[in-house]
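One structure is given here, and the rest of the page talks about it.
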Amino acid sequence: MANYWLVKSEPSVYSIDDLQRDGRTHWDGVRNYQARNIMRDKMKKGDLVLFYHSNANPPGVVGMAKVVRTGYPDHTARDPQSNYYDPKSTEEDPRWYMVDIEFVEKFPRLVSLPEIKDHPQLQEMVLVRRSRLSVQPVRPHEFETIVSLARKS
DNA sequence: GCCAACGTTGGC
DNA sequence: GCCAACGTTGGC
(Lines give C-alpha, C1' and ligand atoms only; values in the text may rest on other atoms or scores of the structure.)
Protein backbone atom coordinates (compact mmCIF):
# COMPACT_ATOMS: atom_id res chain seq x y z
CA MET A 1 0.00 0.00 0.00
CA ALA A 2 1.54 3.25 -1.13
CA ASN A 3 1.65 6.27 1.12
CA TYR A 4 1.02 9.88 0.21
CA TRP A 5 3.14 12.90 1.05
CA LEU A 6 3.45 16.59 0.38
CA VAL A 7 6.73 18.42 -0.14
CA LYS A 8 7.20 22.18 -0.21
CA SER A 9 9.59 24.14 -2.33
CA GLU A 10 9.95 27.79 -3.08
CA PRO A 11 9.53 28.07 -6.85
CA SER A 12 12.37 30.60 -7.00
CA VAL A 13 14.64 27.86 -5.61
CA TYR A 14 13.21 24.73 -7.25
CA SER A 15 9.84 24.67 -9.02
CA ILE A 16 7.65 22.00 -10.59
CA ASP A 17 8.97 23.23 -13.97
CA ASP A 18 12.51 22.52 -12.80
CA LEU A 19 11.46 19.01 -11.80
CA GLN A 20 9.74 18.49 -15.15
CA ARG A 21 12.92 19.59 -16.91
CA ASP A 22 15.18 17.41 -14.75
CA GLY A 23 12.84 14.42 -14.66
CA ARG A 24 14.25 13.38 -11.33
CA THR A 25 16.05 15.02 -8.40
CA HIS A 26 17.48 14.53 -4.89
CA TRP A 27 15.25 16.17 -2.29
CA ASP A 28 18.21 17.69 -0.47
CA GLY A 29 18.56 20.52 2.01
CA VAL A 30 15.85 19.47 4.47
CA ARG A 31 17.09 20.47 7.95
CA ASN A 32 14.16 19.67 10.18
CA TYR A 33 14.16 16.48 12.25
CA GLN A 34 10.53 15.57 11.75
CA ALA A 35 10.83 15.98 7.99
CA ARG A 36 14.13 14.08 8.09
CA ASN A 37 12.53 11.16 9.93
CA ILE A 38 9.81 10.93 7.31
CA MET A 39 12.35 10.80 4.49
CA ARG A 40 14.70 8.41 6.29
CA ASP A 41 12.10 5.99 7.67
CA LYS A 42 8.72 6.39 6.05
CA MET A 43 8.90 7.24 2.38
CA LYS A 44 8.83 4.17 0.14
CA LYS A 45 9.48 3.62 -3.54
CA GLY A 46 6.34 4.34 -5.53
CA ASP A 47 4.79 6.62 -2.90
CA LEU A 48 3.07 9.60 -4.50
CA VAL A 49 3.98 13.13 -3.52
CA LEU A 50 2.10 16.40 -3.92
CA PHE A 51 4.45 19.19 -4.98
CA TYR A 52 3.68 22.47 -3.22
CA HIS A 53 4.96 25.95 -4.03
CA SER A 54 5.59 27.95 -0.85
CA ASN A 55 6.39 31.65 -0.74
CA ALA A 56 4.59 31.89 -4.05
CA ASN A 57 1.75 33.98 -5.32
CA PRO A 58 -0.54 32.26 -4.61
CA PRO A 59 0.98 29.38 -2.67
CA GLY A 60 -0.49 25.98 -3.54
CA VAL A 61 -0.19 22.46 -4.89
CA VAL A 62 1.06 22.47 -8.48
CA GLY A 63 1.86 18.90 -9.40
CA MET A 64 2.70 15.33 -8.52
CA ALA A 65 5.92 13.38 -8.08
CA LYS A 66 6.84 9.86 -7.09
CA VAL A 67 9.46 8.50 -4.70
CA VAL A 68 12.06 6.56 -6.69
CA ARG A 69 14.78 6.10 -4.06
CA THR A 70 14.34 5.69 -0.31
CA GLY A 71 16.24 7.68 2.32
CA TYR A 72 20.01 8.01 2.13
CA PRO A 73 22.50 10.53 3.53
CA ASP A 74 22.19 14.09 2.24
CA HIS A 75 25.70 14.80 0.94
CA THR A 76 25.12 18.57 0.87
CA ALA A 77 25.36 18.52 4.69
CA ARG A 78 29.03 17.57 4.37
CA ASP A 79 29.90 20.05 1.63
CA PRO A 80 31.35 23.27 3.09
CA GLN A 81 30.46 25.07 -0.16
CA SER A 82 26.80 24.21 0.16
CA ASN A 83 24.15 26.48 1.65
CA TYR A 84 22.97 23.40 3.49
CA TYR A 85 26.36 22.61 5.07
CA ASP A 86 26.15 21.27 8.62
CA PRO A 87 29.49 20.73 10.36
CA LYS A 88 27.84 18.29 12.77
CA SER A 89 27.13 15.85 9.95
CA THR A 90 29.78 13.14 9.64
CA GLU A 91 30.23 10.02 7.54
CA GLU A 92 29.45 7.77 10.53
CA ASP A 93 26.51 9.92 11.58
CA PRO A 94 25.20 11.79 8.54
CA ARG A 95 22.40 13.46 10.54
CA TRP A 96 20.49 14.55 7.41
CA TYR A 97 18.81 12.37 4.81
CA MET A 98 17.13 12.80 1.46
CA VAL A 99 15.09 10.78 -1.02
CA ASP A 100 14.97 10.91 -4.81
CA ILE A 101 11.74 11.91 -6.49
CA GLU A 102 10.64 11.72 -10.11
CA PHE A 103 8.33 14.02 -12.03
CA VAL A 104 4.85 12.59 -12.61
CA GLU A 105 2.74 15.52 -13.75
CA LYS A 106 2.16 19.23 -13.58
CA PHE A 107 -1.49 19.81 -12.77
CA PRO A 108 -3.60 21.69 -15.32
CA ARG A 109 -4.64 23.99 -12.47
CA LEU A 110 -3.02 25.12 -9.20
CA VAL A 111 -4.89 24.21 -6.02
CA SER A 112 -4.26 27.25 -3.85
CA LEU A 113 -3.74 27.34 -0.10
CA PRO A 114 -6.91 29.43 0.45
CA GLU A 115 -8.88 26.86 -1.54
CA ILE A 116 -7.44 24.06 0.58
CA LYS A 117 -8.19 25.95 3.80
CA ASP A 118 -11.79 26.48 2.69
CA HIS A 119 -12.45 22.91 1.66
CA PRO A 120 -14.47 20.92 4.20
CA GLN A 121 -12.62 17.66 3.42
CA LEU A 122 -9.17 19.21 3.92
CA GLN A 123 -9.45 20.80 7.35
CA GLU A 124 -7.29 18.18 9.03
CA MET A 125 -4.38 18.43 6.59
CA VAL A 126 -1.00 18.98 8.21
CA LEU A 127 -0.62 21.85 5.76
CA VAL A 128 -3.59 23.59 7.38
CA ARG A 129 -2.91 22.49 10.95
CA ARG A 130 0.80 22.99 11.13
CA SER A 131 1.98 25.03 8.26
CA ARG A 132 5.72 24.94 8.72
CA LEU A 133 6.61 21.30 8.09
CA SER A 134 8.25 20.98 4.67
CA VAL A 135 7.81 17.22 4.21
CA GLN A 136 4.51 15.97 5.54
CA PRO A 137 2.06 13.05 5.37
CA VAL A 138 -1.19 13.32 3.42
CA ARG A 139 -4.19 11.06 4.01
CA PRO A 140 -5.51 9.09 1.01
CA HIS A 141 -8.80 10.99 0.87
CA GLU A 142 -6.93 14.30 1.05
CA PHE A 143 -4.69 13.25 -1.80
CA GLU A 144 -7.68 12.23 -3.92
CA THR A 145 -9.56 15.43 -3.12
CA ILE A 146 -6.65 17.63 -4.14
CA VAL A 147 -6.00 15.72 -7.35
CA SER A 148 -9.66 15.96 -8.35
CA LEU A 149 -9.65 19.72 -7.62
CA ALA A 150 -6.52 20.08 -9.74
CA ARG A 151 -8.17 18.35 -12.70
CA LYS A 152 -11.46 20.15 -12.45
CA SER A 153 -11.65 22.96 -14.99
C1' DG B 1 9.21 43.52 4.40
C1' DC B 2 6.62 42.28 8.53
C1' DC B 3 5.78 39.20 11.90
C1' DA B 4 3.57 34.99 14.10
C1' DA B 5 4.53 30.39 14.87
C1' DC B 6 7.58 27.33 16.06
C1' DG B 7 12.07 24.80 15.98
C1' DT B 8 16.89 24.82 17.86
C1' DT B 9 20.69 26.10 20.83
C1' DG B 10 23.05 26.58 24.85
C1' DG B 11 23.64 28.51 29.65
C1' DC B 12 22.47 27.30 34.00
C1' DG C 1 15.80 19.39 31.94
C1' DC C 2 14.18 24.20 31.78
C1' DC C 3 13.66 28.10 29.25
C1' DA C 4 15.33 32.51 27.18
C1' DA C 5 17.38 33.94 23.12
C1' DC C 6 17.73 33.38 18.64
C1' DG C 7 16.93 31.67 13.83
C1' DT C 8 13.82 30.12 10.15
C1' DT C 9 9.57 29.39 7.65
C1' DG C 10 6.19 31.03 5.06
C1' DG C 11 1.66 33.58 4.67
C1' DC C 12 0.25 37.98 3.92
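Labels below follow one simple rule: chain letters A, B, ... track the order of the sequence lines, proteins then strands, and each chain is numbered from 1. This structure is a prediction, so every number in the text was calculated from the model and none was measured.
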### Nucleotide B:dG7, atom P - distance to CZ of A:Arg36 in whole Å
15 Å
### Message
Should the side chain of A:Arg132 and the base of C:dT8 be counted as holding a donor-acceptor pair, with the cut-off at 3.5 Å?
### Response
yes
### Message
Rounded to whole Å, how long is the line connecting atom CE of A:Met125 with atom C1' of C:dG11?
### Response
16 Å
### Summary
Separation of C:dT9 atom C1' from A:Asn32 atom CG, nearest Å, is 10 Å
### Message
Would A:Thr70 and A:Met39 count as a side chain to side chain contact (heavy atoms under 4.5 Å, CB included) here? Give the steps.
### Response
CA-CA 7 Å; A:Thr70 53; A:Met39 292 201 295; over 6 Å; no
### Task
Quickly work out the A:Glu10 CD to C:dT8 C1' distance and round it to whole Å.
11 Å
### Task
Round to the nearest Å and state the distance from A:Asp86 atom CG to C:dG7 atom P.
16 Å
### Query
So which of A:Arg95, A:Arg40, A:Arg31 actually passes salt bridge (Lys or Arg N to Asp or Glu O under 4.0 Å) with A:Asp74?
A:Arg31
### Task
Verify the contact: side-chain N or O of A:Tyr52 to OP1 or OP2 of C:dG11, cut-off strictly under 4.0 Å; return yes or no.
yes
#### Entry: side-chain N/O A:Arg130 vs B:dG7 OP1/OP2, d < 4.0 Å
yes
### Message
By nearest atom, which of the nucleotides C:dG10, B:dT8, B:dG10 is closest to the A:Tyr33 side chain?
### Response
B:dT8
### Message
I need the CZ-C1' distance between A:Arg31 and B:dT9, as an integer number of Å.
### Response
17 Å
### Task
May I ask you to verify if any side-chain N or O of A:Lys117 is less than 4.0 angstrom from the OP1 or OP2 atom of C:dC12?
yes
### Query
Is it true that a side-chain atom of A:Glu105 and a backbone atom of A:Gly63 form a donor plus acceptor pair closer than 3.5 Å?
no
### Query
Taking CG from A:Asn57 and P from C:dG11, how many angstroms apart are they, rounded to a whole number?
11 Å
### Query
Atom CG of A:Asn37 to atom P of B:dG7: distance rounded to whole Å?
13 Å
### Query
Where does the angle between the aromatic ring planes of A:His26 and A:His75 fall among parallel (under 30°), tilted (30 to 60°) and perpendicular (over 60°)?
perpendicular
